[in-house]
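Notes follow the structure.
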Amino acid sequence: MEVVGQLQKQYVDFITSLFREAYLDDQYVQLQKLQDDSNPEFVVEVVSIFFEDSEKLLNDLASSLLVSISLFWVFILCLRPSLLLMVVLFFLLFLFQLYSQQQVVDFKKVDGYVHQFKGSSSSVGAQRVKNACVTLRNFCEEKNLDGCSRYLNLVKQEFYLVKNKLETLLRVSITLW
Amino acid sequence: MAKNIVFSRLRKVEKNERFDDDLSSSCDSDEVHVLAVDDSFVDRKVIERLLKITSCKVTVVESGMRALQFLGLDEEESSVGFDGLKVDLIITDYCMPGMTGYELLKKIKGSSTFREIPVVIMSSENVLTRIDRCLEEGAEDFIVKPVKLSDVKRLKNYMFGEGRTKSQDTGSNKRKLQETSPSPSPTSSISPEPSSDLSSTSSPSTPRSPPSLDSPTRRYKTSNHDLNE
């Protein structure tokens, strides 16, 4: 019985720290309010949907930021030029790519994905993920590819962090209550 | 494909009815039927639960097209036997691929049959011009996401309170102010000011005075263009 009491205390401490460190915000509390005996798995269900949705969005985001790069190289390789010519072409295309990436990446599409991600993370209370998405959107508006790529990594990081913590939290709460 | 949609809707309706019987809550015998429209899976789940817990019958669809199909407003006029299920309120997301919430609002307000149904818009973006546009087009209210239980409760209370009139409930306004003061988050929903509805001339200063505090948005019956940038 003491073990249960200790576990409960650990749970409370853990969830308190998550709020304090802004992993979660008030919206998570709102979700908890919606869970009751008639729907005892509600939070788990919503969070699971969020995880699934997010993985897909992250994949879409990554591919939408990268597509411009791969196409150029595929084109080069298809030409089957001589080695010297290949080196020259690679060099020229590298320079061209640096210049043209801003025009080739569909920032509107990227922004659309980030907007979705921002929305869903906001709806479950994943505050840090949401905030990272907001900054990422700013980079999209500026058509700053470098900023977008960097910040996408941060968004990903924050997502996996909160995912990890939520999985732990929910696992413990299921065993305790 | 349509058959599956019908079946899943049927299941939802059955579930709702069973759920409502179990609840035996203090609500009226005829429940409020809400049609919720949102492209986000997460948000659909949340809004469905929010509405069910406030004792509403809920039908959730993922797009404006589906919503029109459900109402029977689409071109095919395919009435799949749901004419009997009267919709009392439509709550829709603003940003959706294909048909936006605003376009859906226009279609509904443009239809003689469904014009009377109140439409509430939800959006994660608190853009004043967007809010104004929706309200001018006839939206009943504008809720800033993420939607909370208090938003839905208040919505239901002032729209479908006793006697199902839109009588202004000053009590709920006070509750709202009390609720939002401890939580300083800028995102909250708007509520109608009793005075602004009764008086034909709305003073621009009053609704706009605390823009950065709890309620950055206010509902105006008259469109005040001088309030825009």
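Predicted model, so just to flag it, every value in this text is computed and none were measured. In what follows, every chain begins at residue 1, and chains take the letters A, B, ... in the order their sequences are listed.
Contact annotation: the side chain of A:Arg128 never approaches that of A:Val162 to less than 4.5 Å [non-hydrogen atoms, C-beta and beyond]. Between B:Ile91 and B:Leu35 the shortest side-chain heavy-atom distance does not fall below 4.5 Å.
Between the side chains of A:Ser38 and A:Asp36, at least one donor-acceptor pair of N or O atoms lies under 3.5 Å.
In terms of non-hydrogen atom pairs under 4.5 Å with chain B, the most contact-rich of A:Gln116, A:Glu52, A:Glu45 is A:Glu45. Ranked by heavy-atom pairs under 4.5 Å with chain B, the first of A:Ser122, A:Ser48, A:Gly125 is A:Ser122. Contact tally against chain A (heavy-atom pairs below 4.5 Å) for B:Val42, B:Val46, B:Leu50: the top residue is B:Val42.
B:Lys57 places no side-chain N or O within donor-acceptor distance of the main-chain N or O of B:Lys52, the cut-off being under 3.5 Å.
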